[in-house]
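Contents: one structure, followed by commentary.
Sequence lines set the chain letters: A, B, ... in the order given, protein chains first and strands last, and positions in each chain run from 1.
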Number of protein chains: 2
Amino acid sequence: MAAPSGADGVPGPDAGWLRAMADEVRAFDRSSTAERVADLLRRRVIEGDLPPGRRLSEEQLVDVLHVSRNTLREAFRLLTHEGLLVHRLHRGVFVPELDEEELVDLYRLRRTIECDVVRRLGRLDPVRLRPLHDDVAAAEDAARRGDWGAVGTANMRFHQHLVALAGSRRIDETAARLLAEVRLAFSAVGSPQRLHEPYVRRNRALLELLVDGESERAAKELEDYLQDSEAELLAALRDRAGERSGDRPRRTP
Amino acid sequence: MAAPSGADGVPGPDAGWLRAMADEVRAFDRSSTAERVADLLRRRVIEGDLPPGRRLSEEQLVDVLHVSRNTLREAFRLLTHEGLLVHRLHRGVFVPELDEEELVDLYRLRRTIECDVVRRLGRLDPVRLRPLHDDVAAAEDAARRGDWGAVGTANMRFHQHLVALAGSRRIDETAARLLAEVRLAFSAVGSPQRLHEPYVRRNRALLELLVDGESERAAKELEDYLQDSEAELLAALRDRAGERSGDRPRRTP
DNA sequence: CTTGTCGGATTGTTCAACAACTGTCTAGGT
DNA sequence: ACCTAGACAGTTGTTGAACAATCCGACAAG
């Protein structure tokens, strides 16, 4: 039903044709207005244009986007479900501020999913690893150019393609949510180079372990990888919190 | 921010009081008509009152529930995101019919999360296992009474409390969604006794492994457990599908 | 048996208005 | 100077109605 497979009838030679076409149609008429608005806002939030803690006014956005309030609210709901906005009753929607506790929680589930996916992989057809190769190559290229934003994007796509190897819709969706939230944390931190550069190399190392079918070792490596990433992000977050409370003098000295 | 913990201030002796009260208030003022409607429908769907494949008419529900169409649609969105309803453009919302592929996908993520949570547990304070004890006891009690619906409910709560041991909000929420979908699959299958009875004993066995701190063995046991559960559900689903296509004669014999 | 067309029914989207709630500010008391 | 109660303005929650777009079955023509 909800599965986009065209596997209803004959699995004849037309299957590829039909399925590709069906997917295209689906992508085209995807219910539009609300989702288009959601796409727009999603980009803004992930890109960091909207700072964490900021409230998104319905009235204001309705004027700018020329959509009805109900439609806008539907877009809000989509993004809220993705974790990119938080909704507080009678107060509106806000760009979430990930505190340390939230970040730990986020990485907890991320480790669970990604490591488990990798551990269960075993040896697999090299063709399926192609998207991962492309992502690593893109990251290396962007790193050479010094475009750390692009490096971050490529790294995120690497992880998305990594979990996609499990071939599970629900895992893909859950991972997508988590990775979007991770990017949110990224955007709240300065110095993107220090944040992304080390993981270009580690992604390649991870990929090579997968090519060799060393899924168990790959899972172990990924575990450390994510541990380090979390620690670094946590440190950056703590620094920022320190600055914030530091530059404003105490009320009663 | 979004975390509903009341652990902001002093962890003094009042913590229990305050937290309980805060939870109660929160449960009360989460009114938001849409959420109340969603709660109502959620129960109906999980309980199996609404058969899979059934369409929920907006007009009809608006009349019965005395809410506006927009509000009802908001409730639909909430449940759609939980996987308890599917939305087909210009056709309405339906109670999903889980086919075999979907069920496999569902259990794939369920295994990933539950097993990983258990594997990482290690030895832990017996107090934290108390909810699990209660759930197993409730299931055994209901089984003695022959109330297999209650057995199913207790088993589901056992798993919810199991993953709660990880102490992660995101894991709790994801598991809740998955378990709701599992119940959906249950309701689509007859003979609840055969479906639930074996797992009462297996839940107790699992719990005892946890009491002994044998988290690695517990994870392994849980893996088999879920494998069996999936297989049984798949078989039941296949049977039902067979009956359906069987009682209608072929068009061109 | 397939293809084209029509009409009823249902959903998608928008709008405007009112009710309910939140955070802030002020007035008054201690 | 500090605290509390109450009013105020601004925002969100909810409703009902309206119109456009789309689906579905039926019916007719090739």
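- The pair B:Asp39-B:Arg36 does not count as a salt bridge, with every side-chain nitrogen at least 4.0 angstrom from each carboxylate oxygen.
- In this structure, A:Glu58 atom CD and C:dT22 atom P are separated by 15 Å, rounded to whole Å.
- A salt bridge does not link A:Asp172 to A:Arg169: none of the charged side-chain nitrogens sits closer than 4.0 Å to a carboxylate oxygen.
- Taking a cutoff of 4.0 Å between a charged side-chain nitrogen and a carboxylate oxygen, B:Arg110 and B:Glu230 do not qualify as a salt bridge.
- Look at NE2 on B:His87: it is 12 Å from C1' on C:dT10, rounded to the nearest Å.
- The nearest whole Å value for the distance from the CZ atom in A:Arg73 to the P atom in D:dT14 is 7 Å.
- A donor atom on one side chain and an acceptor atom on the other are found under 3.5 Å apart for A:Arg108 and A:Thr112.
- Distances shorter than 4.0 Å separate none of the side-chain N or O atoms of A:His90 from OP1 or OP2 on C:dA19.
- Taking atom CZ of B:Phe94 as the reference point, atom C1' of D:dC23 lies 10 Å away to the nearest angstrom.
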Taking only N/O atoms, report every protein-nucleotides 15-18 of chain C pair under 3.5 Å with atom names and distance.
residue: C:dC15; atom: N4; partner: A:Asn70; partner atom: ND2; Å: 2.8
residue: C:dA17; atom: N6; partner: A:Arg69; partner atom: NH1; Å: 3.4

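- Regarding contacts with the backbone of D:dT12, a side-chain N or O of A:Arg55 is found under 4.0 angstrom from either OP1 or OP2.
- Ring geometry, B:Phe186 versus B:His196: the interplanar angle exceeds 60°, so the pair is classed perpendicular (tilted spans 30 to 60°).
- Closest to the side chain of B:Thr33, out of D:dT14, D:dG13, C:dG12, is D:dT14.
- The residues B:Glu102 and A:Arg170 are annotated as salt-bridged, a charged nitrogen and a carboxylate oxygen being separated by less than 4.0 angstrom.
- The number of heavy atoms from other shown groups lying within 6.0 Å of CZ (B:Arg157) does not exceed 12.
- Taking atom CD of A:Glu35 as the reference point, atom P of C:dG12 lies 12 Å away to the nearest angstrom.
- For A:Arg88 and D:dG13, the CZ to C1' distance is 17 Å, given to the nearest whole Å.
- The nucleotide whose nearest atom lies closest to any side-chain atom of B:Leu89 is, among D:dG13, C:dG12, D:dT11, C:dG12.
- If you measure from atom CG of B:Leu61 to atom P of C:dT10, you get 13 Å, rounded to the nearest angstrom.
- At whole-Å resolution of the value, CZ in A:Arg77 and C1' in D:dT14 are 12 Å apart.
- Considering only the side chain of B:Glu59, C:dT10 comes nearest among C:dT13, D:dT14, C:dT10.
- In this structure, B:Thr71 reaches the D:dT15 phosphate: one of its side-chain N or O atoms is under 4.0 Å from OP1 or OP2.
- Within the structure, a side-chain polar atom (N or O) of B:Arg91 is placed less than 4.0 Å from OP1 or OP2 of D:dC24.
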